[in-house]
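Only one structure is covered here, and it is reproduced in the block below.
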Amino acid sequence: MKDTRLQLLIHEKNIGSAQPKLMYPGVTVATVTRVKSPNYLFVDLVISPAAKAGTFPIQFVKDGKSVLTYPYELKAREANSAQRKGYTAADVMYMITPDRFANGNSANDVVAGMPDKANRTGRDARHGGDIQGIANHLDYLQDMGFTALWINPLVENNMPSASYHGYASTDFYKIDPRFGSNEDYRALSKAAQKRGIKLIIDLIVNHCGSSHWWMSDLPTDDWLNFQGDPKMTSHARESIQDPHASEYDKKLHADGWFVSTMPDLNQRNPLLATYLIQNTLWWIEYADLRGIRMDTYPYPDKDFMAEWSRRVMQEYPAFNMVGEEWSLNPALIAFWQKGKTNRNGYVSSMPGMFDFPLQNALVEALNEDDRQYNRGLVKIYQTLSQDFLYERPDNLVTFADNHDMSRFFTQIHEDVALWKMGMIHLLTTRGVPQVYYGTEILMTNPTSDRHDDIRGEMPGGWADHTTSVFTGIGLTEQQRTAKEFLKKLLTWRKSNEAVQTGKLKHFAAREGLYVYVRYTDAQRVLVVMNKSADAKTLDMVKYGEVLAGRKTATDVLTGQTQPLSQPLSVAAKSAVILALD
Ligand code: CA
């Protein structure tokens, strides 16, 4: 590793008064740190670049006697580990809530010693989906044209209830047995890679679950924020950027707890900070990952997040990561991206963030009446025009919905024509597109936006389902058509450089019409969105500057040739993609 330090956390009754001893070429003990709890010892090692992989005993000695021997394994790194390439805008990310996608192994639905058992009709209960269920359907994802996979957290969440979502970690190093094993997770990553699919881990360093093993024996008095006297976060995220913010607001936002079952971690404690950073690097190495999705980005200590992102990108310069800042204000999101010059001096190494403003704009653009002033498609135009705030708008992750909001099809009132327009925009504008599972078959949450309704079982994922997205059995004609439509778009996108990496140039949206082009030196793609109730005929002279002298184009969805010297007719409530010849 570029950073040759390695800190070990040893947890064992009264280990704090022991002295570690080891003999291994290239490995030295630099410092030993004792903390308030007598049951912890923190040992800083330095691993010289000359050290070889292998297992060596670490002895813990008290009064001249060895009280514990631990065989520590220094694992070999895979070839080119440091050169690993993260996902890019050439990819399309599929997102899965693993408990709700597919149950590939019903034997792990109930695990002895874990109180939150599968109960498919219970509120916020587990349904039994697992890693095997995802592994079983990698061929489906490949066939659809997805090339990256973000799965909600799979680490152990041994909480009394409502633990399926995975954001209440009770062991940062262990896959939850109800999802599978660490080995299963690594095998999934390898199997995905074989199919051209990059695995992205979902991490959370802001909090853990209240049943985390260290909660019954906290190492220090400052392991948690508001330790012993929890206060809830104010969610005043803008206090981070706000030049007028009070210390009260800054502290309550960043140190307050999300909920009482999720203790807020104090990343200003250097031992905990190291633990969390090493944990991230370990997962990248162990599971050969190609990306990270970081939960609740503005909630941990902001200086810690700067160091965390710096350390990850230092080890893997070609890696990629996306952070969650659920704000509709591009200025707040741009603050976190690497390269941004912030007036308060904050320096981040985070390559990407989610584009929540564009998600919101897309839904408003589709739902609103374009005949009203400043309504409709103009929302997309105005939001993208704020890209000047971002260092790398092309590396924002764009999406139509995710696991925390109503299904896209529900948000647009189950209008198939609008859904098609939305998918076309998502897959042709700038950014790295992400699609939530089930979007391809128009999944909805018609009765409520409770998490259980948003995160429904994927049809075909359970043995008793009578419909299956994977085989097509039982799908409605509308669902089948939607799935084929998306597959066609995804497949085409995989081979089109202009929509993957090209620049964006657009024309001010007016009266339900929005026109833009994605272009590289070699390729040009023109997209026309017509949301009005009537067909529109476009005089192509207006678009001369982006046609670059091309005479004809091919309609990507129909395959028909379109002469560019003649007016272009676009049907009501539709979008066309023209690849310029
Ligand atoms: Ca299962």
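Counting starts at 1 for both ligands and their atoms, following the listed order. Keep in mind that the numbers below use all heavy atoms, side chains included, and drop hydrogens, waters and symmetry copies.
- Between K190 and E78, at least one side-chain N (NZ, or NE/NH1/NH2) sits under 4.0 Å from a carboxylate O, which counts as a salt bridge.
- With the Ca ion (ligand 1) as the vertex, atom OD1 of N103 and atom OD2 of D130 span an angle of 80° (nearest 10 degrees).
- In this structure, the side chain of W257 engages the main chain of N225 through a donor-acceptor pair within 3.5 Å.
- Checked against a 6.0 Å centroid threshold, the rings of W150 and H403 count as neighbours.
- Among K85, K198, R84, the one residue that satisfies the salt bridge (Lys or Arg N to Asp or Glu O under 4.0 Å) test with D288 is R84.
- With a cut-off of 3.0 Å, the Ca ion (ligand 1) has an N, O or S atom of G128 in range.
- Between the OD1 atom of D109 and the OD1 atom of N108, the angle taken at the Ca ion (ligand 1) works out to 90° after rounding to 10°.
- Among the backbone and side-chain atoms of S106, none of the N, O or S atoms lies under 3.0 Å from the Ca ion (ligand 1).
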